[in-house]
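The chain is numbered in sequence order, starting from 1. Please read these numbers as outputs of a predicted model, since none were measured by experiment.
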Amino acid sequence: MPVQIQTCGLVLDILLIYFFLRHETVGLFSERIFRFALVVNTVCVVLDILSIFGIVLREVLPAIVVAGVCKLYLVSLLASAFIGFLYTANDVQHLREDETFNRIIRIVFGLGVFFILVLPINFFHEGNVIYSYGMSTGVTYVFAPFFILGALVMTFSHGKYMNANRRNIIRAWMALEILAATLQYIFPQLLLVGFGSAIGLFVLYCELESPEVYLDRTTGIFSYDTLGLYLKQLFSEGRRFVGIMICTEDEWKMENEQENRILLEISEYLHSFPGAKLFRCSGNDFMLVYDGEQYEKNQIESAINLDVIKARFSEPFDGSMMIGAKFLYIPDARIATDCDEYLEICRINKDEMDRNETSRLLDEQSGSHIRQQRQIKSEIVNALAENRLQVHFQPIYSIEEDRFVSAEALARIVSSEGKLIMPGLFIPVAEEYGLIDQIGERVFEMTCRTFREKALKQMGIRYLEVNLSVAQCENTRLSEIYHRIMEQEEVEPTSINLEITESSTLHYRNILLENMNALGRLGCSFSLDDFGTGESNLNYIVDMPVQIVKFDRSMVQDYFVNERAKTVMRATVSMIKEIGLKIVAEGVETKEQLDAMEELGVDYIQGYYFSKPLAEKDFLNFLEVKNKVA
């Protein structure tokens, strides 16, 4: 009987099952579906062989047995195609979680099985040509391609949600299924469907589903990338779990060979704890994750294990090498709302631990700060997209001219609820997530537009001050970008003063100087902001091409309560004036402070005594009154 091809497919399936099951699996959705696909395809090949025997021996076997075996084979073919569709849909999270979508495809599969079982089937046997035909078989050739082609179409229609490599491998798998089915349909004597499916699963195993893919090469435990996949799945399923993170020193000062020996020793030791999956994190950190199926029991066991692990790390590894370690204990994953937040909470708390702190319990409060940051990040992103970024202006008063000649442009964000978010909240978050450049450029663009459209020059304003963030100062294209914006908004560079802070110059000083010189040649001026709060501040005045020095509010306030501060500030004013620079005193709040700054020799005053930062409309009204603009 012509079962050689099916026998080869069966042997291949059995080998795949053996190699797949001999390794520990992390339990991802795709692993579960692949395991099921292996079983179904093995059953399919076995039923294919049995159906051939049944057709050949149908004269001696009961008709119901032959028909039953052949129909079960057709059902297994349909199930194999259906599982391929499920495997593909698993990569697209919103489809995997869409109950309506899943209900529909289950109904389609159920209808296919029903029609296969109830419709009549016929058999053909002549020499080596053996096959079934009829309405039951016809249904299979309609429903199975529906799922195979559906999976193939999905890799194109939803390809942006899928890993490129997975997308291509799934396409190859479906192409093999289609090729085998087509050849068997054209040449019935070539019984290739089962073997084609086995080859497709073999390709899938080699490229995507081999357990080796999920392992760290050095230690043989699950990798950091696998940790991310696993945690995402746990959060998507809403399962509670316990985590222990072992954070070792950033650098091990030893030879690579010894480092690998110690990593293996640590891995084998941590792997001995039952009920937990072990992952190697970034660097030489490790994480134990106790699945929440027995959550209360795992909470108790993990707490006991943590004490045991701490004791082990107080002893040497590889005979004599002590490995410094700190420990994070997360008894309930609900401190975070998703995988990224969970890992970020761990990372930040690890970084925050001081030298004397060996372990830290992460509870609900540990995640509140991260959630607030992510919420603010979301507000920033949406505000930029929906034009909810505003610029407020704080007037700057000239003592010599007795009028307001400038203003500092300050960013504000209007939240989705209509409330103002102040810079103290959103600027650090913007810097953390790399959004500060977008905010800075948008504020600069809006400031230039206000200066031109509202004719501020005619209202007595000679220039507007705009802050530069540390990240912007390190951008080699800063001068080019700002030059383009000034040309686009038709604003003279002399109308712009850019504020740098002392901390801005701590790194990439050459880049900052190049940007300042390029913008200075165009006509922009510069202020040194927050003078008195940084390091080596007198050097900045010497090195940087600034025209204005801004005394920080704390420095101005100290002048009135500290005699030493008063002496230092007098000497500093004298030096700055001798160099030929102008001085702005920030944070002036009373008439007495104004008079004292005037007596000291300060040129400009900025502070609540005159005005808080004002929205554009209020700022224009302020100028009309205070500068007596007609």
Point to revise | F235 ring center within less than 6.0 Å of F241 ring center | key: yes
Exercise for review: Return yes if some donor-acceptor pair links the side-chain N/O of E301 with the main-chain N/O of K297 below 3.5 Å, else return no.
Suggested key: no
Check your understanding: Do any N or O atoms from the side chain of S136 and from the backbone of I121 form a donor-acceptor pair under 3.5 angstrom?
Key -> no
Review point. If you measure from the Lys or Arg side-chain nitrogens to the Asp or Glu carboxylate oxygens, is any gap between E379 and R374 under 4.0 Å?
Key: no
Practice item. Sorted by first residue and then second, give each salt bridge (charged side-chain N to carboxylate O under 4.0 Å, His left out) pair with at least one member in residues 148-175; sequence neighbours left out. Key: D91-R166, R166-E209
Let me check something: any side-chain donor-acceptor pairs from residues 194-203 under 3.5 Å, sequence neighbours excluded? List them with distances.
residue, atom, partner, partner atom, Å
S197, OG, E177, OE1, 2.9
S197, OG, E177, OE2, 3.3
S197, OG, V193, O, 3.2

Point to revise | Derivation and outcome, side-chain contact (heavy atoms from CB on, under 4.5 Å), residues I178 and L152 | key: CA-CA 10 Å; I178 293 170; L152 196 58; 4.0 Å; yes
Point to revise | Where at least one partner belongs to residues 3-32, residue pairs that pass salt bridge (charged side-chain N to carboxylate O under 4.0 Å, His left out), sequence neighbours excluded | key: R32-E237
Practice item. Check the pair D338 / K232 against salt bridge (Lys or Arg N to Asp or Glu O under 4.0 Å), numbers first and verdict last. Key: CA-CA 7 Å; D338 58 37; K232 284 179 182 177; over 6 Å; no
Exercise for review: Starting from the C-alpha separation in whole Å, work towards a yes-or-no answer on salt bridge (Lys or Arg N to Asp or Glu O under 4.0 Å) for E344 and R347.
Suggested key: CA-CA 5 Å; E344 194 166 1; R347 177 184 63 80; 3.7 Å; yes
Point to revise | Main-chain N/O of C70 paired to S51 side chain as donor or acceptor, under 3.5 Å | key: no
Review point. Taking N298 for the side chain and V242 for the main chain, is one N or O donor matched with an acceptor at less than 3.5 Å?
Key: no
Check your understanding: Okay, side chain of N168, backbone of A164: is any donor-acceptor separation there less than 3.5 Å?
Key -> yes
Revision key, fill the gap. What one should report as the nearest heavy-atom pair of N284 and T248 is O-OG1, 2.9 Å
Exercise for review: List for me each residue that meets salt bridge (charged side-chain N to carboxylate O under 4.0 Å, His left out) alongside E207, sequence neighbours excluded, and say none if there are none.
Suggested key: none
**Study point:** Where I380 and I413 come nearest, the two heavy atoms and their spacing
**Key:** CG1-CD1, 3.8 Å
Review point. Is there a donor-acceptor pair under 3.5 Å between the side chain of R371 and the backbone N or O of I335?
Key: yes
Check your understanding: S210 side chain to C206 main-chain N or O, any donor-acceptor pair under 3.5 Å?
Key -> no
Practice item. Please check if the side chain of T25 supplies one atom and the backbone of L21 the other of a donor-acceptor pair under 3.5 Å. Key: no
**Study point:** Pairing residues for S132 by the side-chain hydrogen bond (donor to acceptor under 3.5 Å, both in side chains) criterion, not counting sequence neighbours
**Key:** T137
Point to revise | Residue pairs passing the salt bridge (charged side-chain N to carboxylate O under 4.0 Å, His left out) test where at least one lies in residues 272-288, sequence neighbours excluded | key: D216-R280, D285-K350
**Study point:** All side-chain contact (heavy atoms from CB on, under 4.5 Å) counterparts of E480, not counting sequence neighbours
**Key:** R477
Practice item. Enumerate the residue pairs fulfilling ring-ring contact (aromatic ring centres under 6.0 Å, His included) with a member in residues 12-51, sequence neighbours excluded, ordered by first and then second residue. Key: F20-F34
Practice item. Before giving the answer on side-chain contact (heavy atoms from CB on, under 4.5 Å), spell out for I481 and N475 the whole-Å C-alpha distance, their side-chain angles and the decisive distance to 0.1 Å. Key: CA-CA 10 Å; I481 293 168; N475 185 348; 4.0 Å; yes
Review point. Does S415 have any side-chain hydrogen bond (donor to acceptor under 3.5 Å, both in side chains) partners at least two apart in sequence or in another chain, and if so, which?
Key: none
Check your understanding: Do you know which two heavy atoms are closest between V118 and K71, and how far apart they sit?
Key -> C-NZ, 4.0 Å
Study note, to complete from the structure: Which of F85, F82, F143 passes side chain to side chain contact (heavy atoms under 4.5 Å, CB included) with V108? It is F143
**Study point:** CA sep, side-chain torsions, deciding dist, call: F286, F222, ring pair (Phe, Tyr, Trp, His ring centres under 6.0 Å)
**Key:** CA-CA 10 Å; F286 296 84; F222 295 122; over 10 Å; no
Check your understanding: Taking all non-hydrogen atoms of both residues, which atom of V40 and which atom of S76 are closest, and how far apart?
Key -> CG1-O, 3.9 Å
Exercise for review: Just do the side-chain hydrogen bond (donor to acceptor under 3.5 Å, both in side chains) check on D363 and S366 with the steps written out, would you?
Suggested key: CA-CA 5 Å; D363 54 16; S366 305; 3.3 Å; yes
Exercise for review: Please report the shortest heavy-atom distance between L95 and F101, naming the atom on each side.
Suggested key: O-CD2, 3.5 Å
Review point. Who passes salt bridge (charged side-chain N to carboxylate O under 4.0 Å, His left out) against E99, sequence neighbours left out?
Key: none
Exercise for review: Could I get the full list of side-chain hydrogen bond (donor to acceptor under 3.5 Å, both in side chains) partners for R58, not counting sequence neighbours?
Suggested key: none
Point to revise | Enclosure of E126 CD (heavy-atom neighbours >12, cutoff 6.0 Å) | key: no
Point to revise | For L270 against L288, the heavy-atom pair lying closest together | key: O-CD2, 3.7 Å
**Study point:** E364 and R334: CA distance, side-chain angles, deciding distance, salt bridge (Lys or Arg N to Asp or Glu O under 4.0 Å) verdict
**Key:** CA-CA 7 Å; E364 180 66 26; R334 290 180 300 179; over 6 Å; no
Review point. Donor-acceptor pair, N349 side chain versus I345 backbone, under 3.5 Å?
Key: yes
Practice item. Determine yes or no for a side-chain-to-main-chain donor-acceptor pair under 3.5 angstrom, with N90 supplying the side chain and L86 the backbone. Key: no
Exercise for review: Mind jotting down which residue pairs meet the salt bridge (charged side-chain N to carboxylate O under 4.0 Å, His left out) criterion with at least one end in residues 257-270? Sequence neighbours excluded, please.
Suggested key: E257-R261, R261-D318, E265-R312
Review point. Would a line drawn from the ring center of H94 to the ring center of Y161 be shorter than 6.0 Å?
Key: yes
